[in-house]
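Here the structure is a predicted model, which is why all the values come from computation and not from measurement. Order of the sequence lines sets the chain letters (A, B, ...), proteins ahead of strands, with each chain counted from 1.
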2 protein chains.
Amino acid sequence: MEEANGSEKKKKKQAGRGIAGPTNPMVTPLLTDLYQFTMAYAYWKAAKHQQRAVFDLYFRKNPFGGEYTVFAGLEECVRFISNFKLSQEEIDFLKKNLSITCEDGFFDYLRGIDCSDVQVYAIPEGSVVFPKIPLMRVEGPVAVVQLLETPFANLINFASLVSTNAARHRFVAGKSKTLLEFGLRRAQGPDGGVSASKYCYLGGFDATSNVAAGRLFGIPLRGTHSHAFVSSYMSIDEIVDKSLRRKDGSSTCEDFVSLVQTWLSKIQWSKSLRGVFSETNQSELAAFTSYALAFPDNFLALVDTYDVMRSGIPNFCAVALALSDLGYKAVGIRLDSGDLAYLSCEIRKIFCSIENEFKLPNFGKTSITASNDLNEETLDALNKQGHQIDAYGIGTYLVTCFAQAALGVVFKLVEINNQPRIKLSEDVSKVSIPCKKRCYRLYGKEGYPLVDIMTGENEPSPEVGQRILCRHPFQESKRAYVVPQRVEELLRCYCAGNSDKKEETLPPLRDIRERCINQLEQMRPDHMRRLNPTPYKVSVSAQLYDFIHFLWLNEAPVGELQ
Amino acid sequence: MEEANGSEKKKKKQAGRGIAGPTNPMVTPLLTDLYQFTMAYAYWKAAKHQQRAVFDLYFRKNPFGGEYTVFAGLEECVRFISNFKLSQEEIDFLKKNLSITCEDGFFDYLRGIDCSDVQVYAIPEGSVVFPKIPLMRVEGPVAVVQLLETPFANLINFASLVSTNAARHRFVAGKSKTLLEFGLRRAQGPDGGVSASKYCYLGGFDATSNVAAGRLFGIPLRGTHSHAFVSSYMSIDEIVDKSLRRKDGSSTCEDFVSLVQTWLSKIQWSKSLRGVFSETNQSELAAFTSYALAFPDNFLALVDTYDVMRSGIPNFCAVALALSDLGYKAVGIRLDSGDLAYLSCEIRKIFCSIENEFKLPNFGKTSITASNDLNEETLDALNKQGHQIDAYGIGTYLVTCFAQAALGVVFKLVEINNQPRIKLSEDVSKVSIPCKKRCYRLYGKEGYPLVDIMTGENEPSPEVGQRILCRHPFQESKRAYVVPQRVEELLRCYCAGNSDKKEETLPPLRDIRERCINQLEQMRPDHMRRLNPTPYKVSVSAQLYDFIHFLWLNEAPVGELQ
């Protein structure tokens, strides 16, 4: 990203910032609620549309019964507003769909607007965040910023929700396991799937099955075969080309099928598998053999199409041992049904026994992947039972955020024309925190974040080593002094708008993922635990506290006793 | 759609069928799981890729604890395969991401494939459907049809889920209420929002707030203003242009603001509002007045920014009465918080009282819209409490299908090379029903659908007035004779592929919606009720039953007692 000084230069820069548009081409200025346009008209009609307004985007409650959230979706928002422009066709559509009484001048105005004078301050994507603290502070002409409410909420809500879900799955699975996102088919529509793949990776997953997401975001891809592949074979005779070159290229085995069959009869009476099976399913054997011929370097077999222990595992072992004869190392198996804890332990024993019996170093470590309707709870239950699973393929519950399918990100006006504004509600948790604010994270002696604090824009920033009073925004009695060991300003400039502020660059997805993983590791463990986690404290300065309550009293109507 | 006879003609026709691509341009052949491509390679490597395979797409369980599902997403599938073509760039990406051992011939093969020889038979979109019955039967070269699994499941799963959710909301709300979908900001990503808007309309909603969906699908749009609009005003002095022409154009009121203020003081001591309020919030009064000046014909005010009864309603009434003086009829109010049942009743009383006191015909019927985190349960609770709400704006719970965020549509191989195939599982509900099948809905004397039945492709079709045995596919003892009064074949040809079958046209969304509403009305009421609905029966013919169980025994391995 270039730097610029003058505001003319600035204008140019914005236009030429060269930021690509949103990933999904459907994200256009019309991807918003109609009322954003009716309000824009009303602002324009009242000659109020150019008033500078500040909106905060934040959520009120952490999802999944937890006490943390991963912030994601920022890059898409920046890409959206960096390319914000209404086409003539879009304007014509609006003209037809607003009232016939709307004046033409408004549509001329719409034709001219872009977001070059909109400022976006935000917490970096991939950060761990908490309720009430603005994730984004958006400032600009009220009519324009109003139009951004719906697309911003849409782009942040699901992104943050599913990143958090992924992070929670990673937390339960543990660092050493491989986590694969397999959710595309069950996701909420095409980019429900694509964004789930992106944001699950951001939240700590290792790979996805979603080819489109691999291409768009460079996420590692994984996948081998399904039950249909297995049942598409009738018998081993279907395999015509039976030859397989040794891995080192030194020679070719002309009849790999026979080699597999020899191994199958050998292991039937081996110590490792004796009595486990009599006759295995021949469709399955054919499918495994065929798959191994196609991908000798990447043989991972789905073993539960007919019967895991009596067919799938013996068939897998026969093919794996035949591959081993030719210098290839089978990758492993996938279980998609049954008692995953028990089966994985039984299978591990067989793999270890084969390692010993046939002197195959590391065969015992052959990878076991599990993938049947997994979620946080089942991962936790598997851990408690004890298992031998190396990798999890997780779909439905992960990508649709089944446990809680929505995050309640809101976008509230906090200042207009330099006047702070508040939105009241009988439900205190829904009262908005007025003023253009700064936000800080204060760290304690042990390096953990202690509290987030919001201050008015012009208050002095908290200082390392200096005591500061942190107040609950609404509960008078909740307050604490903090002496921060480190102070981090949370909101950074991503779109400078008409200011000369330096803009943050948009980091690659890999770096965002890194930030997410690091920040989660830095959290005090009691905030992270699944059961009864300790809430992380979110506060306001004493000065901001007083102002909120002054404004509140000022705006609330006084009742009348009769 | 044209008709064609020869298979050459056919090829041309497919290419020139002129069906637009999927709504979301991200829906490309790469929007699939990697394993579809690894399998395609393995099929190709085994020279098996051209074998004709039949896959059934179906679900196993109705969502939301109900006993029915609305089938949706078909048009997007047809649009997808009618334009299916891998670009060179996509092929290059695959080449890099499959194994380096994959032979070049495969990528040449990929370059050539389209779906011109894929047949799609499906139940018409918008139909009421049930578990196990194929929603779609897809037949074609195994490697090609395999690639369609993930995108088809993705396009059908959420579409059917959210249509069903909308239909359930409509059922609880009742026919007379207006249902507005307001979910875009909380949806699972951009087209989670767009498709929710489309399919909620299909399922019986009346309108959406989503402008993009309005433009794409012609869905009626609705929306007025938000809390931010209200709090963006500081005082009534902000309004500069205060003039408003009478509706009939006969004259202009030069100071509409004063007219509003006059009405406000008049109603403060009126019979209707006496003692209800003292001073209303002036920001709110300014915002309402300003909005009315912008949209005098469409004045609908959000009345809960400060205090519904002490500020919002009096301010609304003052503006509405002033509008009425100039010949305009205010549309109504929206409530977004509080006790919706109670408030709506209180507000209705005030509206009726104003109608009488000021001789304003129909003012009592001024519309009341409610919109605070509504779902099936809250609608039901409102009905039980009694309320005066005319319209519901429903968002989060509707569009994310919060009560159950995924439908488990699966895609199973049922035949390859004319050989029926079965997928076994220790969980009987997961065993697939083999064979290329025909499906019928049998209607009883009272006109209700009685049972759906699957038969082998070549069995004679059930006949009106002739007794037929309907068997549960897996439970031996569950069977019943039925004498149908009407027989409807369910699967119709949407893509004829290499056959000369006439293709169904793709109806407009409005017609699909109509079908959905009609079919739901035709269902026997006990299948539809929210609490303990009666399951609708799904069956197989006696011949198909016998064949399933023959194949099952044949494929399952026999254990060995030791």
Study note, to complete from the structure: Given B:Ser432, B:Gly408, B:Ala292, the one with more heavy-atom pairs under 4.5 angstrom with chain A than any other is B:Gly408
Practice item. Give the member of B:Pro296, B:Gly214, B:Cys102 that has the highest number of heavy-atom pairs under 4.5 Å with chain A. Key: B:Gly214
What is the minimum heavy-atom distance between [X] and [Y], and which atoms define it?
X: B:Lys45; Y: A:Asp241; result: NZ-OD2, 4.0 Å
X: A:Ala294; Y: B:Tyr41; result: O-CE2, 3.4 Å
X: A:Ala228; Y: B:Leu413; result: O-CD2, 3.6 Å

Given that the side chain runs from C-beta out, which part of [X] has a heavy atom under 4.5 Å from chain B: side chain, backbone, both or neither?
X: A:Leu155; result: side chain
X: A:Leu407; result: backbone
X: A:Arg421; result: side chain
X: A:Val27; result: side chain
X: A:Thr396; result: side chain

Validation row: [X], [Y] side chains within 4.5 angstrom (heavy atoms):
X: A:Ser290; Y: B:Tyr43; answer: no
X: A:Ser99; Y: B:Asn298; answer: no
X: A:Thr23; Y: B:Met26; answer: yes
X: B:Tyr233; Y: A:Lys48; answer: yes
X: B:Phe229; Y: A:Val142; answer: no
X: A:Glu76; Y: B:Pro190; answer: no
X: A:Asn24; Y: B:Asn24; answer: yes

With only heavy atoms counted, which part of [X] is less than 4.5 Å from chain A, the side chain, the backbone, both or neither?
X: B:Lys430; value: side chain
X: B:Val399; value: backbone
X: B:His227; value: side chain
X: B:Ala187; value: both
X: B:Arg215; value: both
X: B:Phe402; value: both
X: B:Val162; value: neither
X: B:Phe55; value: side chain
X: B:Leu94; value: side chain
X: B:Ala406; value: both

Check your understanding: Is a side-chain donor or acceptor of A:Gln188 paired with a backbone partner of B:Ala405 at a separation under 3.5 angstrom?
Key -> yes
As an exercise: rank [options] by heavy-atom pairs under 4.5 Å with chain B and give me the winner.
options: A:Val230, A:Thr400, A:Asp191, A:Asp336; value: A:Asp191
options: A:Pro25, A:Gly193, A:Pro151; value: A:Pro25
options: A:Lys96, A:Arg222, A:Glu284, A:Lys412; value: A:Arg222
options: A:Ile422, A:Leu184, A:Asn157; value: A:Leu184

Review point. Once you round to the nearest 0.5 Å, how far does OG of B:Ser232 lie from CD of A:Gln51?
Key: 7.0 Å
Check your understanding: How long is the span from the OG1 atom in B:Thr101 to the NZ atom in A:Lys247, to the nearest 0.5 Å?
Key -> 9.0 Å
Show every donor-acceptor pair shorter than 3.5 Å between a side-chain atom in residues 30-40 of chain A and any protein atom, with sequence neighbours excluded, or say none if there are none.
from	atom 1	to	atom 2	distance (Å)
A:Thr32	OG1	A:Leu147	O	3.2
A:Thr32	OG1	A:Thr150	OG1	3.2
A:Asp33	OD1	B:Ser209	OG	2.5
A:Asp33	OD2	A:Thr150	OG1	2.9
A:Asp33	OD2	B:Arg185	NH2	2.8
A:Tyr35	OH	B:Arg185	NH2	2.8
A:Gln36	OE1	A:Gln146	NE2	3.2
A:Gln36	NE2	A:Glu149	OE1	2.9
A:Gln36	NE2	A:Thr150	OG1	2.9
A:Thr38	OG1	A:Tyr35	O	3.0
A:Thr38	OG1	B:Thr224	O	2.4

